[in-house]
Amino acid sequence: MSQFFLPTRDDMLNLISIQQDLYNYLTGKGTGMYGVEYNIQTDTFTRIDDAAGLTQPDFNNIFPWAGMRRCNVADDGRVLAYYGDPTYKEDGSNGQVMVEIPKFYYKSMRTSTGYRWWVSPNPLPGFQVHPAFIRNNVTKQYIYIAAYEGSIYDVSAGAYLLNDEQVADFTTGTGDKLCSRAGAKPCSGLTQNLTLPNSRILAHNRGSNWELQTF
């Protein structure tokens, strides 16, 4: 008897892991260290270790990049739809347009001519979980980054501001909200008080777990 099933997110990640193992075997790679070296003296970047010789399309089949997916996220943090689902929307009508990024590990070092950085899907010696995945000492399996630069949702009007209208309400809790959707100009402080603290208010107004992206 034929059987079929609807794969879960973990099923898909396991499949990606198997595909990556096969890729490593066929290409002779396999350390799982995808690195880049920056030479300050020549102002050049060079891919190193398992990233050596790769081009951008190659990373579409390599974790963690292969595990990144665009999605709609509700204010309470629930994923409502992924890109390709019939309910997925880019206009903000089905939640904020975000990019789901799976947990990965990293390592960095300074060299005599610059810096080296590595990313790996595996906890290799000398690597640690990227700090973006650690919140209040709890390691998260995924983080969600805005797919678009922040624009504003006008709460009183019940509408997204598409043309950077300078009318933001920075009231904590009840004021306007920072958002990520297609077709809207990023908000600015051209004639309004869009300071860093006020921008944080707009982010927090969307929900308790929403923040500004920092580096």
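Bear in mind the structure is a predicted one, so any value in this text is a computation, not a measurement.
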Taking atom CD of Glu149 as the centre, does the number of heavy atoms from other residues, nucleotides or ligands within less than 6.0 Å exceed 12?
-> no

Could you please spell out the steps behind the side-chain contact (heavy atoms from CB on, under 4.5 Å) verdict for Trp210 and Gln96?
-> CA-CA 11 Å; Trp210 294 83; Gln96 301 309 298; 3.9 Å; yes

Without swapping roles, check the side chain of Asn122 against the backbone of Leu124 for a donor-acceptor pair under 3.5 Å.
-> no

Run the side-chain contact (heavy atoms from CB on, under 4.5 Å) check on Asp169 and Val155 step by step: do they pass?
-> CA-CA 9 Å; Asp169 176 1; Val155 171; over 6 Å; no

Tyr38: which of Thr111, Asp43, Thr46 passes side chain to side chain contact (heavy atoms under 4.5 Å, CB included) = Asp43

Residues Phe63, Phe104; criterion side-chain contact (heavy atoms from CB on, under 4.5 Å); working and verdict = CA-CA 9 Å; Phe63 196 86; Phe104 61 85; 5.7 Å; no

Locate the shortest heavy-atom distance separating Ser112 from Gln41; write the atom from each residue and the value.
-> O-NE2, 4.3 Å

Is the number of heavy atoms from other residues, nucleotides or ligands within 6.0 Å of NZ (Lys89) greater than 12?
-> no

What heavy-atom pair brings Asn94 and Ala81 nearest, and what distance separates the two atoms?
-> ND2-CB, 3.8 Å

Is Asp91 paired with Arg181 through a side-chain N to carboxylate O contact shorter than 4.0 Å?
-> no

Evaluate the criterion side-chain contact (heavy atoms from CB on, under 4.5 Å) for residue pair Ile143 and His130; output intermediate values, then yes/no.
-> CA-CA 11 Å; Ile143 58 173; His130 193 281; over 6 Å; no

Tracing side-chain contacts under 4.5 Å among Ile, Leu, Val, Met, Phe, Trp and Tyr outward from Ile201 reaches none

Say whether, by atom type as modelled, one donor and one acceptor occur between the side chain of Arg116 and the main chain of Met109 under 3.5 angstrom.
-> no

Find out whether the Lys NZ or Arg CZ of Arg78 is both under 6.0 angstrom from the six-membered ring centre of Tyr144 and within 45° of the ring's axis.
-> no

